[in-house]
Amino acid sequence: MRTIDHRLLIVGGGAAGLRAAIEADKHVDNLGVISKVRTLRSHSVSAQGGIAASLGNTGDNESDSWKKHLEDTIKGGADLVDRDAGEVLTQNAVENVIELEHMGVPFSRTSMGTLDQRPFGGHSLPRALYAADRTGHAIVYSLYGENVKRGTTFYDEFFVLDLLTEGRSVLGLVAYDIKTGEIVIFRAGAVILATGGPSQVYDLTSSGTASTGDGLAIALRNGIPIEDMEFIQFHPTGLKDKGILITEAARGEGGYLKNDRGERFMKRYEPENMELAPRDKVVRGMQREINEGRGINGENYLHLDLTHLSREKIKRKLPTIRELALDFANIDPVEQSIPVQPMAHYCMGGVPTDIEARVQSKEIGVAWENLYAAGEVACVSVHGANRLGTNSLLEAVTFGKRAGRFAAQQASSSDGVEVDEAVVSKYGSRIESLLENEGSVKVSELRDRLKRIMTEKCGVFRSGEDLKEALNQIYQLQEDYDGKLVVEDSSQKFNTELKMALELGNMLDYSEVIVEAALAREESRGAHFRTDYPERNDSDWLQHSLLHRDSTGEIRHQYREVDT
Amino acid sequence: MEIVFEVNRYNPETEEGNFYQEFSFPVDHGELEELTVLESLIKLKEEKDGSLTFRHSCGHGSCGSCAMLINGENRLACKTHLIDLVSENETRIKVSPLPGFPVIKDLVVELESFFDQDEEVKPYLIAENGSETEEERLQTPEELGQIQEATECIMCGACTSACPTYWDNKKYLGPGAFVKAFRWERDSRDEGGEERMDFLDDSRGGVWGCNKVFNCEEACPKDIDTVGIIDLLKREALGF
């Protein structure tokens, strides 16, 4: 059995994981980053628009302050943001983005040479630092470089199957080496989950195929609840049919959303903020236009119009958007409107953590000693019921850094830790049985059925009836997965179909929680809109949901108060 | 129209070497315009052969996972549309792994050496000054403009894989690493000039190995002027 020891292990090499590694390296000298994709392929590189901090650099935003940033975040999050976490996010934002600049991030600049900022939806002042429209890429590449400088050990293309635990303490994890097909044991004094989001459970999504929310399933498998999973953000402007993000910065820079009549329809829904209202509101406006037949040619998409912006501005500030529209829609946004439709983008919920990024939720008795989480997989609850654009990179960097620091301080040596070899054989036989299954249902077929159910029944608008149906259909898929699945590729080495099967198992596991949480929340708040309960209901529902799977396999619901 | 994909197959667990397997499927004109090579490969994997193996993730040219040799050119499968590859007379599309790197399986290559080359050029900011301050270092839009193009690199490996000097001499750092070296070295905030120039000016691995074949520039999915960048590094090595 191959066993690898590290003081600290970080699962995931996106923005949160890389930032965690840098910080942890200041405290421990033996850390490893494990990722199922090669570093730099993680989805953080696709973040486009910006990262928020109340720098007040552009003249028109001098009055900005972290308190305004906090209030915008809480308001945008429909009051489900935990104030203590929101304070950590916003109060440290300036310091944290300056650190990124010091690590070499090529942020766009003002003519004075200071960090430029631009407007974004839900932010009352221009607050988004940006690197053209490639902000995530720019940040990840600098974080990666800093890790190279520090000699971080990377385990690329290792798929983490589960945690190794004893009571409420983590001993390490068990992973599948994709290149060799081996099961590998990693022992560690602490583990940070930075595994990213689950948007791949939806049909149309801006997220890459790696965004299968594996960390959420790992949590559920260990009896850990996942929080606020009913809040899935749909992004207003996905390139039609393609699942490619067209950044909100396109509207921040002055772009309009128009329906088939050429109307800026947001005037009907959000007359004050128009296209720059928070994403949940813009998406519902768009979906209503589409549902009422005012989509372009009566179809399920609308227009993002940038043609009134200057060619120079589009080329300088939105070069990727122009490239994507040209490459994938054969449209030059300088001259023509871009066809767009809402698509799944981000999960506000996740593994519950405290403000030190430790996995815990004290009110309901969840408290892990040495397990941490940051980035989209986590829910420290800074996004509440709806995340503001540019707050996700900020969250990943802020809480990635904190996870790195606190986990490193907590991590003891893994020497002498005894790992039960039964774990290896358990996962070994699970993989063998997946490879040897003589079923009839292909992985992709089952996955597509899940995506359809989630999109049709648990999307922008939800109803109790639809959600109940979704739940029954997911039970059926779970049965089919256990009994009828076939993996055609039976090879040991680089078996991507097997990887897809493992991912699908994870997706089926937590999709049940997404739907259960959505069914339970009988109100509309932020990204969660129930057609049968269209009003927000603070007296009953100003609380976080925490759902876990008990030892019998049943989903249990618990709730906790919002920190106000 | 019937599209024929000829795809490199290689399974390291069997005795046989690599071979090209043909897959065909019909497309109408709309699909021909819409479909990319990546979408076609996914379709083949899901509908015809689950063991067909390739890397991919973002699907729109930002993660760098899906570079491969498509009809003789290194390209990102996600950004390459079928309509740009076929005509009435030619409906075959040949897909192979990136040349110059060891093949792991089918279309998947081992990029370890490419990432090692990147590490050699110190792909990070080297700067003592200003890193302890509480404010950002200043950088004018013009200074940023000098490196902007080089910052767009997505480390897909298409450039170095297309370079004949690299095929011949694996110690050669290659265009990918040079672009990264330039991106950091020309950053107005960076102070690592001489440190990096030592190996950039090296006779075996350095910039002098570039014979201006321009393969790298044609291969780059981000249209980075790789040869121009190498030229600027050569001038710097000469002290201009």
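Letters A, B, ... mirror the listed sequences (proteins, then strands); counts begin at 1.
Side chains of A/E101 and B/Q139 form no contact here, defined as non-hydrogen atoms less than 4.5 Å apart. Side-chain contact between A/S491 and B/N11 is present, with at least one heavy-atom pair separated by less than 4.5 Å. Looking only at side-chain heavy atoms (C-beta outward), A/R109 and B/T140 stay at 4.5 Å or farther from each other. Within the 4.5 Å cutoff, the side chain of B/Y124 has no heavy atoms near those of the A/M103 side chain. Within the 4.5 Å cutoff, side-chain heavy atoms of A/D489 are placed close to those of B/K105. A/L40 is listed as a side-chain neighbour of B/F115, based on a closest heavy-atom distance under 4.5 Å. Side-chain contact between A/R316 and B/Q148 is absent, with no heavy atoms from C-beta onward closer than 4.5 Å. Within the 4.5 Å cutoff, no side-chain heavy atoms of B/E152 are placed close to those of A/H137.
Atom CG of B/N18 sits in a crowded spot, with more than 12 heavy atoms from other residues, nucleotides or ligands closer than 6.0 Å. Within a 6.0 Å radius of CE in A/M112, no more than 12 heavy atoms belonging to other residues, nucleotides or ligands are found. Within 6.0 Å of NZ in B/K48 there are more than 12 heavy atoms belonging to other residues, nucleotides or ligands. With a 6.0 Å radius and a threshold of 12 heavy atoms from other residues, nucleotides or ligands, A/K484 has its NZ atom at or below the threshold. Around CD of B/E194, the count of heavy atoms belonging to other residues, nucleotides or ligands within 6.0 Å does not exceed 12. For B/E22, the CD atom sits in a packed shell: over 12 heavy atoms of surrounding residues, nucleotides or ligands are nearer than 6.0 Å.
B/K45 and A/T496 share a donor-acceptor pair across their side chains, judged by distance under 3.5 Å alone.
Contact count against chain B (heavy-atom pairs under 4.5 Å) is highest for A/V105 among A/V105, A/D241, A/T39. The residue among A/S108, A/P319, A/P106, A/S206 with the most heavy atom pairs within less than 4.5 Å of chain B is A/P106. Note on B/G61, B/C58, B/C153, B/C78: by heavy-atom pairs under 4.5 Å with chain A, the leading option is B/C153. Comparing B/D187, B/L52, B/I42, B/V108 by how many heavy-atom pairs each has under 4.5 Å with chain A, the most go to B/V108. In terms of heavy-atom pairs under 4.5 Å with chain A, the best-connected choice from B/D49, B/I154, B/I104, B/D190 is B/I154. Across B/I126, B/T14, B/L138, the residue that shares the most heavy-atom pairs under 4.5 angstrom with chain A is B/L138. Highest contact tally toward chain B, considering only A/L239, A/I98, A/N57, is held by A/I98 [criterion: heavy-atom pairs under 4.5 Å]. Of all the listed residues (A/K242, A/M500, A/E146), the one sharing the greatest number of non-hydrogen pairs under 4.5 Å with chain B is A/K242.
With a 4.5 Å cut-off on non-hydrogen atoms, A/R41 touches chain B through its backbone and its side chain both. Contact annotation for B/H56: both backbone and side-chain heavy atoms come within less than 4.5 Å of a heavy atom of chain A.
The CD atom of A/E323 sits 9.5 Å away from the NE2 atom of B/H60 when rounded to the nearest 0.5 Å. A distance of 10.0 Å separates CZ of A/F107 from CD of B/E136, quoted to the nearest 0.5 Å. Rounded to the nearest 0.5 angstrom, A/R134 CZ and B/S62 OG are separated by 11.0 Å. Once rounded to the nearest 0.5 Å, the distance linking NZ of A/K149 with CD of B/E119 reads 14.0 Å.
Annotation: side chain to side chain donor-acceptor pair (under 3.5 Å) contacts of B/T151 (sequence neighbours excluded): none.
When the heavy atoms of residues 31-39 of chain B are compared with those of chain A, the residues falling under 4.5 Å are B/E34, B/T36, B/E39, listed by number.
No side-chain donor-acceptor contact under 3.5 Å links B/K79 to the backbone of A/D327. Panel note: side chain A/Q492, backbone B/E13; no donor-acceptor pair is recorded below 3.5 Å.
B/E112 has a carboxylate O that lies under 4.0 Å from a charged side-chain N of A/R38, or vice versa, which qualifies the two as a salt bridge.
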